[in-house]
Structure formats: structure tokens, C-alpha cells
Protein chains: 2
Amino acid sequence: MQKGPLHSHIIERFDDMSEQLQQAARHILEHPQEVALVSMRELARNAGVQPSTMTRLAKFLGFPGYEDFRVQHADVIRVNADGFAARAMQRDEAGANDEGLAHRMLQSISGQIARLCEPETLSRLNDLAVRLATARRVYVLGLRSCHSVAWHFHYVMTLLGEKTVHLDGPAGTGGDALIRATADDVLLAVSINPYSRYTLEVAEAAVEKGMSVLAITDSEVSPLVTIAEHAVLFPTESHTFFHTLTPALAISEVLCGLLASHDRKGALKELKRVDSYLSSMNTYSASIPRRKI
Amino acid sequence: MQKGPLHSHIIERFDDMSEQLQQAARHILEHPQEVALVSMRELARNAGVQPSTMTRLAKFLGFPGYEDFRVQHADVIRVNADGFAARAMQRDEAGANDEGLAHRMLQSISGQIARLCEPETLSRLNDLAVRLATARRVYVLGLRSCHSVAWHFHYVMTLLGEKTVHLDGPAGTGGDALIRATADDVLLAVSINPYSRYTLEVAEAAVEKGMSVLAITDSEVSPLVTIAEHAVLFPTESHTFFHTLTPALAISEVLCGLLASHDRKGALKELKRVDSYLSSMNTYSASIPRRKI
DNA sequence: GAAGCAATGCAACAACTGTTTTAAGAATGA
DNA sequence: TCATTCTTAAAACAGTTGTTGCATTGCTTC
């Protein structure tokens, strides 16, 4: 059985408690989750104790009231269920100031990415990677906030060859490249709620051409999932007004990594070619170059 | 992300739900434990839904009322809390196969982002945010692999107003927008090793115009750091052939978050404007739209 | 257009929540 | 023994809960 968050704290002070407090404490030691799962009155009933005793116990343990006592227990459940990363931070820096915001955002993103390690997501990632590897050509589509993810995937893949085509362009011509697509090709679509209408239309058109659709999206009930052959899901929640796309970018990088590792030798060769080309073009510099503009 | 007890049941019936029910259901799919841990009203608040909608959802799913719905979720927590040791084991399987690669990549990225929480980085982030907030206009520059970061920053900022200009364009015209820049403006430059020559040239030009340069880059010895007024550093090492830009994206999102929180009211107002505009344009859809192409 | 309809927001409801107060009881010590 | 302190049960409290009925909205379907 799982220990509660205040296990040792309660034991320490147990001897100083009155009889009723001890009875309440004993019940909580044995059923820590119940604190978060039922009301105080019901917990008191189950412990054979008056409701007020629970309040008194919480105060005895140094809480301002029972409510905060329960929050502590609820947090433990949340953290235990989610995994491991964010244990330390969670509550200790709940300030609304700006530095606190940055801290909370980073912790949260880090935790979200760590949670992508669950077996289900890993296996979905693998499915996607395999399908991408076997496709003749990969059309990549991501609009608005998802553009960065789609484009980055495409960019990295261009370093490995010319297998991908980025569906984007001025004057609404983005989807036109699909004209040459065949059933041997796949569409990799990235979209989050609210789902861009155009993305869905292009995906639907791809399906009608007999192409497979692979989705990187935010929910099991995303419209993309219903028409996709494979899908990987990622969280987008953030402490700000916006969604976060960092987990999505992580996923796209993982896909690139998987694809490269499928064909290590080929990847290395392509990278060398790109390398020598770019250096012949004088694309990069290690220091501030003499001004030319 | 732990699945709820009714995960599949909800997904099955999702398409038959009304808009509000879907919104509620979506939130529950993503936060199943919360059903047991907070009150219905609070859950509804977090889901952005009326309390009655939760009751209706419960009934829609075949429960007599919300209360029984919650009991079901609480039971799952009770059961899961015990089979917790099993989960701890599975996370330490680091083979050299592909699934292992994905696992290692995600763990590593998650750790890199968590490490951005060190005080030095946080204070640098804050410096950058303050400078961005006081600037008249922000020119955003990121080429090649850094395009995704720069563009995403720009995109989010466009939701908050028209303070940013993205330095990018076809036919090498990217830097031209700087023509109208003045000393009241700043340049936000994103670059990693190897540093794109063009980025450095534009940054240098900005300095000569009297602008401040703010850098998001990968090293204390990045050429950008020497000419930047403020800089934030991020790691790029990856288990693959490529650099990771996920930490950089996280940083850019944090900056957006900080800027929005500097002016919460203004941000909210702008977001509402964007919202009503986009919905008037019929940009988004919740389901696969009837084909138009 | 108009009629019908499902979907949604809102306000009122009783029931229940966690807390505080009160007073009776038990234990302690001189 | 009586006075004092500590403990407990019960009741009263304001606030919140889950629920329901009703009015309004927006959308089909004649």
C-alpha cells in the first residue's frame, strides 16, 4: 500500500495527539488516498470520528485548515499518476510573478515531454516512423501555430535527402503540390485544436487520392485521428494564454531521429553532401563577418 | 498521460456529442484524475464549460448523475495507486533499438528543458522579456534550423498585436524590412552553431543602426553574444545526427508568456479580436469539413 | 419566412461542505 | 474537594456542491 505524503510527519506527532485525533490519524495513515477522494465528513464517518476532529487534526499538523490538507494529498495522486519529473516543483513556487511564470512554464513543458515516454506513445511513434520510412514521398502539412513543427520536420528531413515536400506557399497554393502525389506517398499532417479547416480539407483530399494520412495532433478525438492511419498525440496545455507546441516539436525531432537511425549509413552520406555544399556556399560563419549590407 | 476509465467509451460517443459536451469530454480525456480530485464546478471551470454541461455529459454517457461518474474515476485511482511499483520499472529499459532511441531522446530533451530553470537562465529570460516589452518594434530573425523558433515566436506575438516583424522572405529579401527600423526597435536573433552568415550580417547591420540586439543562441561564445545586449542560452545536444531545437522553442514560448503576462488585459483584448476575426473567416473546424477542393 | 427543435446559459434549489462556536464532560493537580 | 485545563460532541454557520427547470439562442426543415 502506498504511503501518504505526511506519513512520517503524522507518526512523529502521533504520541502528542488526543485519543480522537489518533483515531483519525490512524485512519488516514492507512487510507491516505481517501483524503483526496471523499469529503471530509465521509472520511470522518469512516474513521469513526466527528467532522470537527478532522479539522482539528489538520490544524494540529500545521495546516491552516482541512482544505489545504486535502490539496496536499490530491497533489500526490496527480504526481504519482503522471510520472516522476515534476515532483519537486509542483507547489513550492506558485507565485504569480514573472520569474515564477517562466519557472512554471519550463517545469511543465519538461514534464509534458517526459510523459511522452509512456509505452503507448513510443509505440505510436515507431509506427509512424516505419510508415514514413516506407513511403515513397512524404508531404508535410502544418498551418498557423503548427507551421513551425511541420517546417522543422521538413527542414531536418531535407538534410537527409529529398523525400519530403512541404505543403506551404504564398497565395493559398500550399496544397497544390499534392497534385503529383500518388497512393505510394503519405501525408504527415500536424494540427491542434482549433483545427485549421484547410488542413482538414487537404487531409481529406489526400485520403481520396488513396494516400495514407499520418497525424501529429493533440487529442484522441481530433478529426485527424478519424482519417489517419497512424497518429501520435501530444499535450498542448500551458500556463499562458496560448498552447505550447514544444512537445510537438520534440515529437517531430524524435521522428527525424528514428528515420535517420533506420538508415544510418545513408543519413551520414547525405549529411556529408549537405555539409560540403553549404560550406562551398559560405553559408556559415564562426564570427561576425565583415559587413556586406 | 494516464488514461481514464471511460477513455474509449467517451471516444466512441464523442461524435454524437454537442459542441459543449465535446469540450467537456475533451478536458476529461486529458485530465481524467481531476474528475475525482476536484469538484464538478471547478472541473467545469477548468474545461471552460457550464456546470450543467458536466451533469449532462454524465447522463449522456449513461450515468444517473455526475456523482456516479466521479465515483467511477475515484475507484480507478484507488486501484492504480497500488499497482504503482510496476510502472516504476518499465521506465528503465534503455535498449539500443529504435524504441529505446525515442525514449532516450525524450528523456534527454525533458532534462534539458528542466535545466533551463536555473536562476541564471531565468533572470536572463526576464531581462530579454523586459527589453522586448519596452521596444517599439521587434524584428525577429532566425534562419535554417532556427526558422521554426523565430517564426513561432512571431506567430504567437501576432496574436497579441502587431509589434513584431518577421525577417524572412523569398528571393533573399528577408533583411529588407530592417530598412525602416530605428534605434527604438530591437532585433531578436536566433542562431546556433554553425551560425548562419546572413544572420550575423543582419545583426551587425542592426547594431550599426543603433538598435539593440537580443540573442537566443547556444553558447556563451556564440558570435551573437558579443554584440547582443542580452542573450539567453540553450542546449542543443541530441542523440541523433542533428541538433535539437526543442529547448529553443520552449524559450521562445516562455518569452511570449512573459510578454503576455506583462500586459494581461491588453493580451486578452487582442486575443478576443483575433478570435472573432478568425471565426468570421471560418478558419477552423471541429470535424472533417465537406470537401471543397 | 415560420415552426419546430436541440443546444446552451442562467438562476434557483435543497443538500452538503468545511469551519467555528458552544457547552458539556473528563482528566488533572493542589 | 474544587478549580483548572484539555477533550469531545453537537449545533449553527456561511459557502459551495450537484441538480433542475426555464428562457433564450441558433439551426434545421418545412
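All values below come from the heavy atoms of this structure, side chains included, with hydrogens, waters and symmetry mates left out. Residue numbering restarts at 1 for every chain, and letters A, B, ... go by the order of the sequence lines.
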Measure the distance from [atom1] on [X] to [atom2] on [N] and round it to the nearest whole Å.
X: A/Leu43; N: C/dT19; atom1: CG; atom2: P; answer: 12 Å
X: A/Arg41; N: D/dG18; atom1: CZ; atom2: P; answer: 16 Å
X: B/Gln20; N: D/dT25; atom1: CD; atom2: P; answer: 16 Å
X: A/Met40; N: C/dT20; atom1: CE; atom2: C1'; answer: 11 Å
X: B/Phe69; N: D/dT17; atom1: CZ; atom2: P; answer: 17 Å
X: B/Glu42; N: D/dT16; atom1: CD; atom2: C1'; answer: 11 Å
X: A/Arg70; N: D/dT17; atom1: CZ; atom2: P; answer: 11 Å
X: A/Met17; N: D/dT8; atom1: CE; atom2: P; answer: 12 Å

> Do we see a donor-acceptor contact under 3.5 Å between the side chains of A/Ser110 and B/Ser110?
Replying inline: yes

> Does the side chain of B/His31 pick up a donor-acceptor pair with the side chain of A/Glu237 at under 3.5 Å?
Replying inline: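 Short answer, yes.
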
>> Does the Lys NZ or Arg CZ of A/Arg144 fall within the cation-pi geometry relative to B/Tyr155 - under 6.0 Å from the ring centre and within 45° of the axis?
In response: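 So A/Arg144 doesn't make the cation-pi contact.
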
>> I need the A/Leu122 CG to A/Leu116 CG distance, nearest 0.5 Å.
In response: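 The CG atom of A/Leu116 is 8.5 Å from CG of A/Leu122, to the nearest 0.5 Å.
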
> Does any residue of residues 46-59 of chain B have a heavy atom under 4.0 Å from DNA chain C, and if so, which ones, in number order?
Replying inline: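 Nucleic-acid contacts, sorted: B/Gln50, B/Ser52, B/Arg56.
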
>> Nearest to the A/Tyr66 side chain among D/dT17, C/dG18, D/dT7, which nucleotide is it?
In response: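 In terms of side-chain proximity for A/Tyr66, the closest of D/dT17, C/dG18, D/dT7 is C/dG18.
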
> Among the nucleotides D/dT19, C/dG18, D/dT17, which one has an atom lying closest to any side-chain atom of B/Ser39?
Replying inline: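 Among the listed nucleotides, the one closest to the side chain of B/Ser39 is D/dT17.
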
> Starting at the 5' end of DNA chain C, which residue's closest nucleotide do you reach first, A/Glu67 or B/Leu21?
Replying inline: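 Comparing both residues, the 5'-ward one is B/Leu21.
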
> Would one find more than 12 heavy atoms of other residues, nucleotides or ligands at under 6.0 Å from atom CD of B/Glu118?
Replying inline: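 More than 12 heavy atoms, drawn from other residues, nucleotides or ligands, come within 6.0 Å of this atom.
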
> Is there a side-chain polar atom (N or O) of B/Arg45 under 4.0 Å from OP1 or OP2 of D/dT17?
Replying inline: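 Affirmative; the distance criterion is met.
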
>> Salt bridge check, A/Glu220 against A/Arg124: does any charged N sit closer than 4.0 Å to a carboxylate O?
In response: yes

> Does B/Gln50 use its side chain to pair, donor to acceptor, with the backbone of B/Ala44 at less than 3.5 Å?
Replying inline: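 Side chain of B/Gln50 to backbone of B/Ala44, a donor-acceptor pair under 3.5 Å: no, none is there.
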
